[in-house]
Amino acid sequence: MLPDWPDVKDEVVRAFMRRLAERVRQRSVAGVVVAVPVHEGHGHFIERADGTTEERLFERAGAQVSIPADAVSTESLADMLARMEPMIESLARSTSQTMLRTMEEGIRSVGNEIDAAGRPLTAELIIEALDRVEIEFDSAGRPEWPTIMIHPSQQALVARELARLDSDPELNARATAVVERKREEWRAREASRILVG
Amino acid sequence: MLERLAEYWLDSANERGYQPAFVQLLVSEGHRVLHSTRHAPIEFGKDVISIAPDGVPCAYQLKGNPGGRLTHSQFREIQPQLQELVTQAIPYPGLPDVHHRSYLVTNGFVDEEVQRAIQDLNRAWERNGFGAEALAVLERGYLLERANALGTSLWPFGVADLGALVDLLSHRGNDILPLSKMHELLSTMYRLAGRDPAPAGRELERLVTSTALLVAVATRNFGLSANHFAVASAWVLFSTYTIAACTRAGVSSTGPIAESLSAARQAVFEEVAALIDEASARPTLVEGVAWADTEFYPARRALLNGIGSAYWLWCRRDDLAPANLPAVEAFLPQEFGPRALWGEAAMPQLLAHYWYISRRDASFGPERWLAQLLATVIRCQLGQEDAEFLASPYYSIADVVRHRHADFLGTANDPFDAMSFRGASYFAEALFHLVVRTNLKQHCKSLWPEFTRLNLRWFEVAEPWQFCTIHSEDGLACTKIVPPTGEWAALQQAAGIHDAPKVPEILCADPVLLLLFVMMVPQRATPDVVRFLGREFSEIWFLP
């Protein structure tokens, strides 16, 4: 073989993989959930509090990038990292798609989906969605709001509808009623954390 | 080339280093090995005692002459022991009432003068009725010939896949045994990776001997460094991977394989005893570069407490009374170190220590400590009171130190993201069940609300044989969410379960080996396994 410096190159690869994972997390749905490393096995199993169980196989997420061989002789490490950008985007996209598909399957399986029938997202739909999900509260009783995931093109619309939700007294009252009900549910949940007998 | 490796090993090992491999050679020749330790009361110059295939007892005195000769002056020093070896009966219950064969074993050459002296002694012994050639000599050439015939000739390594063996051979030997390298070696030997048909029958028997010799050769540098924990770890892994191979092939460990496992068990006992001897004789437990030891010292102490406790429990269980037992009891503290819980990987060590203390302390103090340990795990994993998250059992103390000091050691070496451990525990459920067994009901009631906020995790192998390995591609990463409301009676029922269906029966039949294995491979200490071990080692059982 030709002379090589594999140790330091391995360090470069490790640092890149770490940065890659971080970037994918930032740019995908993975960034909003806690990542749990899995060290062995072919799938995962969950037993929920209500006793229902689910088993799933791991899914592979991948992306590739082509770099011309002659680029290696003329470009810097920074250039190489720049060439990896499309791959990072692609990996983030496929990770998001896999996670969203899994979440969607889970939501449908418990009948929690809301079909807007093609209508744009409105404050009324947001209140309806909030009413469907479990909301946690901190020790001071403040709600820990769920994350709303939308397409970037919907950002302005959602901001407008959230503003309407704040300013419209009737909508605000409905939202407040939902939050109060959720707070009571949370209190009941917390009070039920008890070992009896 | 493999023959040269065996030669290289034999020419550097002391008698303690080559004894386990020698015993495995005897087993492969059909011997039943009764005794192979320096820590049991039977000695009388007899390091190893076996029964030959023809039913005659054999006694062996082992000497280490690596790369050299047994000289006449050395021979004079051991002559009284040889006298005992030949003339004193073997005090072992149930041995046939016939005169035993005696052997002097050395991994070196024997000086001509010594050979003549032995001939003279043999003539004298013959006149006194001890038979012709009362003392036979097994020297380097014999050991090498047997090692190559039974060991290296079966090693399935081409030059291309010698990597793990070479890595182990070139290791400095002063570190924790690289488990992943051992996994590579042992999986290759027993063809555990991939879909190859499992070796069985006579082929498996031959492979077991061959693998034992490989373990002895591969751990050469650890043996030379008197790194007892590493060598014990190697023999524990040899045992569990052998059990994996038997279980996978659907064969029970009987005959020569059972003898091999028994010999490996004695090797583990010997190394663990030597480790505890060394630790209890030292004025301090600092090792290596002293000023950099601060982060490792509590972990070392916890490990030694765990291993020492396992040794004590082993003696109690097998009704053994080695001479060092009082020293072991003096070494083991009756309370738990404040920095012992450095990660969830330490938990099997702490549990072994708890089981020891619980057996020695008739008060309920140890049980309250167990409840306190559970409270600490919950507090850490929920991040309460600024407690540091405990790393999952897949991470060693070295990983934890690299993470804690990433700012000093470089973030590229940081092996984990601490936030990934938030809200989850691999040991909380098992600890909770052990506390339920102690009937500390009020403790359980007060811990329950926070306990239910944790996600309970464990890894379940697909097939029991995979449990015996340190890594399995087949299996499920399991998560359990605890229902908020629990019932004491149901909890007692769950805590009372003490079978471990994913652990091979052969391994369940040896709880000491299982305990040592999960200390070395803590991710295998699943809730099932901890409940099983608790039943085996604890006398506390307040369940209806």
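Note on naming: letters A, B, ... go to the chains in the order of the sequence lines (proteins, then strands), and numbering restarts at 1 for each one. Computed over heavy atoms, backbone and side chain alike; hydrogens, waters and symmetry mates excluded.
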Please work out whether the ring planes of B:Tyr395 and A:His39 are parallel, tilted or perpendicular, with thresholds of 30° and 60°.
perpendicular

Examine whether an atom of B:Leu447 lies under 4.5 Å from a heavy atom of chain A, and if so say whether it belongs to the side chain, the backbone or both; otherwise answer neither.
neither

Applying a strict 4.5 Å limit to non-hydrogen atoms, the region of A:Glu11 in contact with chain B is neither

Option in A:Pro37, A:Gly51, A:Ala191, A:Ala15 with maximal non-hydrogen atom pairs under 4.5 Å from chain B:
A:Pro37

Just so I understand: if I count every heavy-atom pair under 4.5 Å between each of B:Gln466, B:Glu460, B:Arg453 and chain A, which residue has the most?
B:Arg453

On a heavy-atom basis, the closest approach of B:Trp448 and A:Leu195 is CD1-N, 3.5 Å

Does A:Arg48, at its CZ atom, have more than 12 non-hydrogen atoms belonging to other residues, nucleotides or ligands within less than 6.0 Å?
yes

Side chain, backbone, both or neither: which part of B:Gln523 has a non-hydrogen atom closer than 4.5 Å to chain A?
side chain

How about B:Glu487: does its CD atom have over 12 heavy atoms from other parts shown lying under 6.0 Å from it?
no

Out of curiosity, A:His44 NE2 to B:Arg457 CZ, how far, rounded to the nearest 0.5 Å?
11.0 Å

When the 4.5 angstrom heavy-atom criterion is applied to A:Val196 and chain B, the contacting part is both

I'd like to know which of B:Pro483, B:Ala490, B:Gly486 tops the heavy-atom pair count under 4.5 Å against chain A.
B:Gly486

For A:Gln64, does the CD atom sit with more than 12 other heavy atoms under 6.0 Å from it, leaving out its own atoms?
no

B:Arg402, CZ atom: more than 12 neighbouring heavy atoms under 6.0 Å:
no

Might you confirm whether atom CD of A:Gln155 has over 12 heavy atoms from other residues, nucleotides or ligands at distances under 6.0 Å?
no

Would you check if the side chain of A:Arg18 reaches a backbone N or O of B:Asp414 as a donor-acceptor pair within less than 3.5 Å?
yes

Under 4.5 Å between any side-chain heavy atoms of A:Glu40 and B:Phe459, yes or no?
yes

Just wondering, are more than 12 heavy atoms of other shown residues or ligands nearer than 6.0 Å to CZ in B:Arg379?
yes

Given that the side chain runs from C-beta out, which part of A:Arg189 has a heavy atom under 4.5 Å from chain B: side chain, backbone, both or neither?
backbone

A:Ser192 side chain vs B:Thr485 backbone, donor-acceptor pair below 3.5 Å
no

Taking atom CD of B:Gln493 as the centre, report whether more than 12 heavy atoms of other residues, nucleotides or ligands fall under 6.0 Å from it.
no

Interface residues of residues 473-480 of chain B facing chain A - heavy atom cut-off under 4.5 Å
B:Glu473, B:Asp474, B:Gly475, B:Leu476, B:Ala477, B:Cys478, B:Thr479, B:Lys480

Please report the closest heavy-atom contact between A:Ala35 and B:Ser420, naming both atoms and the distance.
O-CB, 2.8 Å

